[in-house]
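Residue numbers start at 1 and run along the sequence shown. Both backbone and side-chain heavy atoms feed into the values below; hydrogens, waters and symmetry mates do not.
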Amino acid sequence: MSYKIATENFLNDLDRVTKARADVAAGLQKLVETLQQAESESEKKSGRLGLERELEDATTASKNLREGVFRLLVLGDMKRGKSTFLNALIGENLLPSDVNPCTALLTVLRYGSAKKVTVYFNDGKSPKELDFKSFKQNYTIDPAEAKRLEQEKKPAFPDIDCAVVEYPLPLLEKGIEIVDSPGLNDTESRNELSLGYINNCHAILFVLRATQPCTLGERRYLENYIKGRGLSVFFLINAWDQVRESLIDPDDPEELAEAEGKLHKVFKANLAEYCLTEGHDIYDERVFAITSIKALRLRVKNADADLSGTGFPEFMAALNTFLTQERAIAQLRPARNLSRQIATRVREAVERRLPLLDRDVNELKSKIESVEPEFKNLTQIRDEFKQEIIGMRDSKSRAIADSFRNFVLNLEHTFETDFLRYQPELQFMDFFSQNRREAFEASLRQAFEQYVNDKLAAWTLTAEQEMNSAFTQLSKSAANYGASYTKITDKITEKLTGQKIPPSASNSTEDNSPAWAKWAMGLFSLAQGNLAGVAMAGAGFDWKNILLNLITVVGVSTILASFTGIVLGPLYLLLLGMGVGVLQADGARKELVKAMKKELVKHLPRVAQEQWQPIHDAVKECFDVYEREVSDRMNDDINSRKSELDNLLQQKESREINSQAELERLKKLEADVAARSQDIESVYRGFLASAS
């Protein structure tokens, strides 16, 4: 498949996604307008049906779909060709592609009708627009200056948050947004910055280099920040053409095939474990050998050039399938679920209202009084579920904070073994030169930062797993409480109308649960984030964005500030006193680690104690947000059912209701809402058919 065909297919499929999003968003908006008009009329006739929550949810879902994009995060070590890859994708040498890591800015590439760059500041200054030439000139520094800043742990542009590049590229116009991150071997603070964007992206494009297969730094990042976190990652092995250039006889096909075969095996051995989803091996759908520089050269001359042999057509086809099928369906399904729920809610409200239209005031009051016990039962279910959430909150916030405390205190027992692989090379002569000593101390501190970050990452993965487990359990509880709640609301309807509610024809918990339970179970979500509208395990909100604060709470800077005693100054004197020589380098390393451990142990209890409360509070906040939303939704549902009856009673007390005309109006409303919901269902099913 040529790049032109792959791109055309991608753009056509993105067009279908865009149209489906727009159609579903328009369908939800029509649903909103229908409900608003009906409630306005109801206020003058038999009384409002209490559909405020439905109106709010449908409005939010429609807005999210209209603004929806597929966000891709480009990650990779420095000098892997990330910017060259993006330039090839764009078809123009647009982004700086030879910048030292200390000058790298986090850059967001999105659609704009005109080419421009906007730099955003973090010190309160107004954003600054500039052209691309100025962008390259002003935000590139020479390597010597960059190295000096790196050694001093100073960012090149401390006042800058990010740069936003707008470009009239068809791919971007169709709803793709790309975030280009700093290099992974840059400072740990920059690594944390990149990590902060992971949770708000649909897929990660991880760029490696064929001539440097899976360095320790890359393996470290994958192991600590990617593995086990449910992220969708595409691996782009760049500069594949250099495999041929490294051969003695580049024109020998057998030698080339052998070299490429060996390299493929190396990458597969290193990357296969990151290409598993629900036990399925998707390595061939996620790993691609590409040649960005060749693709860029071809596209600069001809935007529609045939890029066969560069790996770009194959990658674009796989990305297309992933985004326009799997991810697009995941965006549309919650909206379809919401429209179904609204249609059910309106149908039930109308069915309750119609038999009551002919009742006189006293009879209606009697009916309302008869269901008071059932409303109390609904509030009891609300309170029971609320207490379960609070119990889970208190249990998990304490358990996770305790696990961090134990994790910190246990560093003492594993530090000597763990830190040896991080420690920089120790040269005896370094101790006689102040400059070398300072350089070694800087390297040692960076190694310690990496060690702390990696240990924290391992711990946060454990914390995430604990949270996943908790919300999965709450999801099951929501389903059970929802089933009990539905039985009671059916009984309310039966008492009010005198008609027994027939068993539902659907055996689906999804269809039979009340709206609040569906939200609590994660069957629809109004959050925007990693899955852009798809709920996390058992929750209709993206709790991971809240939990991500844990990285900040217990970040490297916090812990390092507590370990002020760990500096080379007193340690190198200790080593010199031992008479360490060249032959004792291994012993010197061990002694250095022992000395660091001694300093470390002094501070561990204080760090464990100081950070316990912030972690406890961060975890607690996740559950508090969930509990507040569940309680609000349950209260809204209970109150709307009550107001539905009270509104009818007030209207009957104040005016004569034309029962026949109102019956016809409400039946029409039910039919109109069902039709709007069916329109959305048709769009959804049509998209499923086109994507299969």
Side-chain angles (χ1 to χ4, degrees), residues 67 69-78 82-83 86 90 94-97 99-112 114-141 145-146 149-150 152-167 172 176-202 204-205 207 221 225 449 453 527-530 532 542 544-558 560-561 618:
E67 297 176 354
V69 297
F70 291 124
R71 189 170 293 110
L72 309 177
L73 174 63
V74 182
L75 288 176
D77 230 334
M78 65 166 292
K82 298 196 304 297
S83 295
L86 286 175
I90 295 167
L94 186 70
L95 301 175
S97 56
V99 181
N100 190 281
C102 280
T103 67
L105 299 177
L106 191 138
T107 305
V108 180
L109 183 62
R110 61 172 60 129
Y111 178 77
K115 303 177 186 180
K116 69 175 182 178
V117 181
T118 306
V119 174
Y120 290 86
F121 300 90
N122 53 28
D123 58 0
K125 287 192 297 188
S126 299
K128 177 182 177 182
E129 281 190 22
L130 60 165
D131 56 58
F132 287 101
K133 184 177 180 181
S134 300
F135 177 55
K136 290 182 180 182
Q137 288 177 346
N138 296 344
Y139 297 100
T140 302
I141 58 177
E145 176 68 6
L149 290 170
E150 184 178 12
E152 295 176 1
K153 297 297 176 186
K154 294 180 180 178
F157 307 107
D159 59 334
I160 293 178
D161 182 40
C162 68
V164 173
V165 174
E166 294 181 49
Y167 195 79
L172 303 176
I176 298 288
E177 187 172 289
I178 301 171
V179 181
D180 186 17
S181 70
L184 298 183
N185 66 347
D186 199 8
T187 64
E188 292 302 302
S189 60
R190 286 191 183 277
N191 283 348
E192 288 185 47
L193 178 65
S194 299
L195 181 64
Y197 274 78
I198 284 178
N199 206 45
N200 292 302
C201 294
H202 296 80
I204 296 168
L205 310 183
V207 183
Y221 198 90
Y225 302 118
E449 288 181 5
N453 250 346
Q528 290 182 308
N530 184 10
D542 189 356
K544 281 195 174 183
N545 267 331
I546 301 174
L547 191 65
L548 192 64
N549 290 333
L550 285 175
I551 300 290
T552 304
V553 170
V554 297
V556 169
S557 58
T558 302
L560 288 181

Of the non-hydrogen atoms in Phe135 and Thr107, which two are nearest, and what is the gap between them? CZ-OG1, 4.5 Å
Just how far is it from atom CG of Asp77 to atom NZ of Lys82, taken to the nearest 0.5 Å? 7.5 Å
Verdict with supporting geometry, Val69 and Tyr111, side-chain contact (heavy atoms from CB on, under 4.5 Å): CA-CA 11 Å; Val69 297; Tyr111 178 77; over 6 Å; no
Which heavy-atom pair separates Ile176 from Leu172 by the least distance, and what is that distance? O-CD2, 3.3 Å
Carefully, step by step, assess Asp180 and Leu109 under the rule side-chain contact (heavy atoms from CB on, under 4.5 Å). CA-CA 8 Å; Asp180 186 17; Leu109 183 62; over 6 Å; no
Looking at residues at least two apart in the chain, or sitting in another chain, which of them share a ring pair (Phe, Tyr, Trp, His ring centres under 6.0 Å) with Phe70? His202
Contacts of Glu177 that satisfy side chain to side chain donor-acceptor pair (under 3.5 Å) - sequence neighbours left out: Arg71, Arg110
One should read off an interatomic distance between Leu205 CG and Leu73 CG, to the nearest 0.5 angstrom, of 8.0 Å
For the atom pair CG (Leu72) and CG (Leu86), what is the distance rounded to the nearest 0.5 Å? 9.5 Å
To the nearest 0.5 Å, what is the distance between CG (Asp161) and CZ (Phe121)? 10.5 Å
What heavy-atom pair brings Ile90 and Tyr167 nearest, and what distance separates the two atoms? CG2-CE2, 3.3 Å
Test of understanding: with side chain to side chain donor-acceptor pair (under 3.5 Å), list the residues that count as partners of Thr118, not counting sequence neighbours. none
Does Asp159 have any side chain to side chain donor-acceptor pair (under 3.5 Å) partners at least two apart in sequence or in another chain, and if so, which? Lys125
All side chain to side chain donor-acceptor pair (under 3.5 Å) counterparts of Lys128, not counting sequence neighbours: none
